[in-house]
Each structure stands twice: as structure tokens, then as C-alpha cells.
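Let me begin by presenting the structure, written as C-alpha cells, before commenting on it.
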Amino acid sequence: MRSVRPVTLMFVDVRIGVTQAPREISIEVEDSTRDDVKARIEAALAGASDVLWIADKRGRDIAIASAKIAYVEIGSAEG
């Protein structure tokens with residue numbers, strides 16, 4: 001009989017500062033989506049899209065107006 005190894009998902013914390021807001025938005029995403037999230041953030045900051053959509057680890061969709069993004073911090077993967 002083969003033993004089944006549990007899959008360990010790694011998550012990355014993405015923090016987005018929004019202009020005229022006292023708190024930053026903190027979102028946890030799977031590490032495997034890091035490059036996709038980074039590309040969407042770059043597109044939003046370059047003006048390619050008016051809204052940045054990110055799905056968090058629970059499947060919730062978060063929308064942020066691209067023009068309101070002040071800064072973005074992408075953390076390291078945690079087990």
C-alpha cells in the first residue's frame with residue numbers, strides 16, 4: 001500500500017497601500033500565483049487596467065482601483 005503525502009501549500013502576503021486610506025490592504029495568495037499577481041500589479045500600475053483584481057487564498061476576489069495604488073509589497077513564501 002502506498003502512503004499519500006499531504007500537499008503543503010505555501011502562501012505569500014501581498015500588502016497594497018492605497019492613497020487616502022489609513023490602512024494597507026493585506027492579501028494572502030498561493031506562492032504558485034506570485035508571478036501572475038506580479039504581472040497583474042505591473043499592468044495596473046502601467047495603466048493597462050483600471051482595476052486590479054486579486055483572488056486571495058480563500059477564493060475571495062478583491063478589487064483595487066489602479067489609480068489609488070500607492071505601493072505594493074510582496075512577501076516571501078511561508079509554510
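From a predicted model like this one, the values you see are computed outputs, not experimental measurements. Along the sequence shown, residues carry numbers from 1.
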Determine, step by step, whether I54 and D61 satisfy the side-chain contact (heavy atoms from CB on, under 4.5 Å) criterion, reporting the C-alpha distance in whole Å, the side-chain angles of both residues, the deciding distance to 0.1 Å, and the verdict.
CA-CA 6 Å; I54 299 179; D61 290 324; over 6 Å; no

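- Looking only at side-chain heavy atoms (C-beta outward), L45 and I69 come within less than 4.5 Å of each other.
- Scored by the side-chain contact (heavy atoms from CB on, under 4.5 Å) test, A46 finds no partners at all (sequence neighbours excluded).
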D13/I74 under side-chain contact (heavy atoms from CB on, under 4.5 Å): CA gap, chis, key distance, verdict:
CA-CA 6 Å; D13 188 37; I74 300 176; over 6 Å; no

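- Between the CZ atom in F11 and the CG atom in D56 there is a gap of 9.5 Å [rounded to 0.5 Å].
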Show which side-chain atoms of residues 17-24 pair as donor or acceptor with protein atoms under 3.5 Å away, not counting sequence neighbours.
residue, atom, partner, partner atom, Å
T19, OG1, K68, O, 3.4
E24, OE1, Y71, OH, 2.6

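- In the hydrophobic clustering of this structure, V12 groups with I62; members are Ile, Leu, Val, Met, Phe, Trp, Tyr whose side-chain heavy atoms approach within less than 4.5 Å, directly or through other members.
- Every residue two or more places apart in sequence or in another chain that forms a salt bridge (Lys or Arg N to Asp or Glu O under 4.0 Å) with E73 is listed here: R15.
- Contact annotation: the side chain of I64 never approaches that of V51 to less than 4.5 Å [non-hydrogen atoms, C-beta and beyond].
- No donor-acceptor distance shorter than 3.5 angstrom exists from the side chain of S66 to the backbone of G47, with no hydrogens or angles considered.
- Take D36 and apply the side-chain contact (heavy atoms from CB on, under 4.5 Å) test, not counting sequence neighbours, and it matches R40.
- The side-chain contact (heavy atoms from CB on, under 4.5 Å) test applied to T33 returns V29, E30, V37, not counting sequence neighbours.
- Remark: the backbone N or O of G75 is paired with a side-chain donor or acceptor of R34 at under 3.5 angstrom.
- Looking at residues two or more places apart in sequence or on another chain, you find no side-chain contact (heavy atoms from CB on, under 4.5 Å) involving D35.
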